[in-house]
Amino acid sequence: MLIQYFNKQFSEGKKLFALLIDPDKHTPESIKKLLVNLINNPGPDLILVGGSLLFNGVSQIIAAIKRNTQTPVFLFPGNVQHVSENADGILLLSLISGRNPEFLIGNHVQAAPMIRKAGLEVIPTGYLLINSGVSTSVSYMSNTAPIPYDKNDIAVATAMAGEMLGMQLIYLEAGSGAQIPVSERMITAVKNNIRIPLVVGGGIKTTEQLSKVFDAGADMVVVGTAAEINSDVVSEFAAYVSQRNQN
Ligand code: 1GP
């Protein structure tokens, strides 16, 4: 189980880097180019595939990813249509910052039989959308309001509730393409109040930002947009994490 391996890494203070691939931004050919470039370089620890709104299905892209890398591929679903047996597992997101029952249980009920049939590893994930100053796709598509940027107490209480409900990860999400990532203060406040690993994503574009988010307490960081703009950041970020973990 990948979560057991990850938990062991986190218990040793290691940091992990996940690459988010949006199927609408790639073709099987561009995926091959992206991943072949990583063969002799450090790569991500995990590849997530998904998005809040997709015009393309996820299965074809996952198949292309798996032809070109051994890195585990997990679904990062925006809704029930994004389940695919080609993946190794799924971050089963509960949008606990919101109050829309469809993203707390409705989609999960519809997806459960498909997930079980596909034999996917399931990682229950408490997903908290944090306001990053602009309206995001995930907020609009999920019809939920994000937690205000500076309301650390609300984020802490929500993450604690997620842990108490049995989630195995807490994910602080500023939204794909966010202008600013989740604040370091909020990351630290949440990290200090939960006993499960903390994932942070949204708006991380530079190694300096990556470093600050890890320093604040993130165990795993998810990067999507920066890698779409410049694919070299994938090996750059992976090399940074690898070196950091050796120190
Ligand atoms: C979005 O957290 C991820 O769900 C990644 O965000 O695309 O801004 O890196 P970016």
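One is the number of the first residue; the rest follow in order along the sequence. Start at 1 and go down the list; that is how both ligands and their atoms are numbered.
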Exercise. So, are E29 and K33 salt-bridged, with charged N and O less than 4.0 Å apart?
Worked result: no

Exercise. Less than 4.0 Å between a side-chain N and a carboxylate O, is that true for D215 and R244?
Worked result: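 Salt bridge between R244 and D215, a charged N being under 4.0 Å from a carboxylate O: yes.
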
Exercise. What about the rings of F76 and Y171, do their centers lie closer together than 6.0 Å?
Worked result: yes

For this session: Determine, stepwise, if the pair S211 / Y240 fulfils side chain to side chain donor-acceptor pair (under 3.5 Å).
Result: CA-CA 9 Å; S211 160; Y240 168 78; 3.3 Å; yes

For [atom], closest protein heavy-atom neighbour:
atom                   : value
atom 3 (C) of ligand 1 : Y171 OH, 3.5 Å
atom 9 (O) of ligand 1 : G224 N, 2.8 Å
atom 4 (O) of ligand 1 : E173 OE2, 2.4 Å

If the cut-off is 4.0 Å to any non-hydrogen atom of [X], which atoms of ligand 1 fall inside it?
X    : answer
V223 : 9 (O)
G203 : 8 (O), 10 (P)
F76  : 4 (O)
S176 : 1 (C), 6 (O), 7 (O), 8 (O), 10 (P)

Check this for me - ligand 1, [X], N or O atoms closer than 3.5 angstrom, yes or no?
X    : result
A226 : no
G202 : yes
V222 : no

[X] and [Y]: side chain donor to acceptor below 3.5 Å:
X    : Y    : value
Y140 : S135 : no
T125 : Q168 : no
N107 : N79  : no

Exercise. Linking I/L/V/M/F/W/Y whenever any side-chain heavy atoms sit under 4.5 Å apart, do L16 and I47 land together?
Worked result: no

Exercise. Heavy-atom distance to atom 8 (O) of ligand 1: which of G201, A178, G177 wins?
Worked result: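 The residue whose heavy atom sits nearest atom 8 (O) of ligand 1 is G177.
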
Exercise. Heavy atom under 4.0 Å from ligand 1: found in L20's side chain, backbone, both, or neither?
Worked result: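 The side chain, only.
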
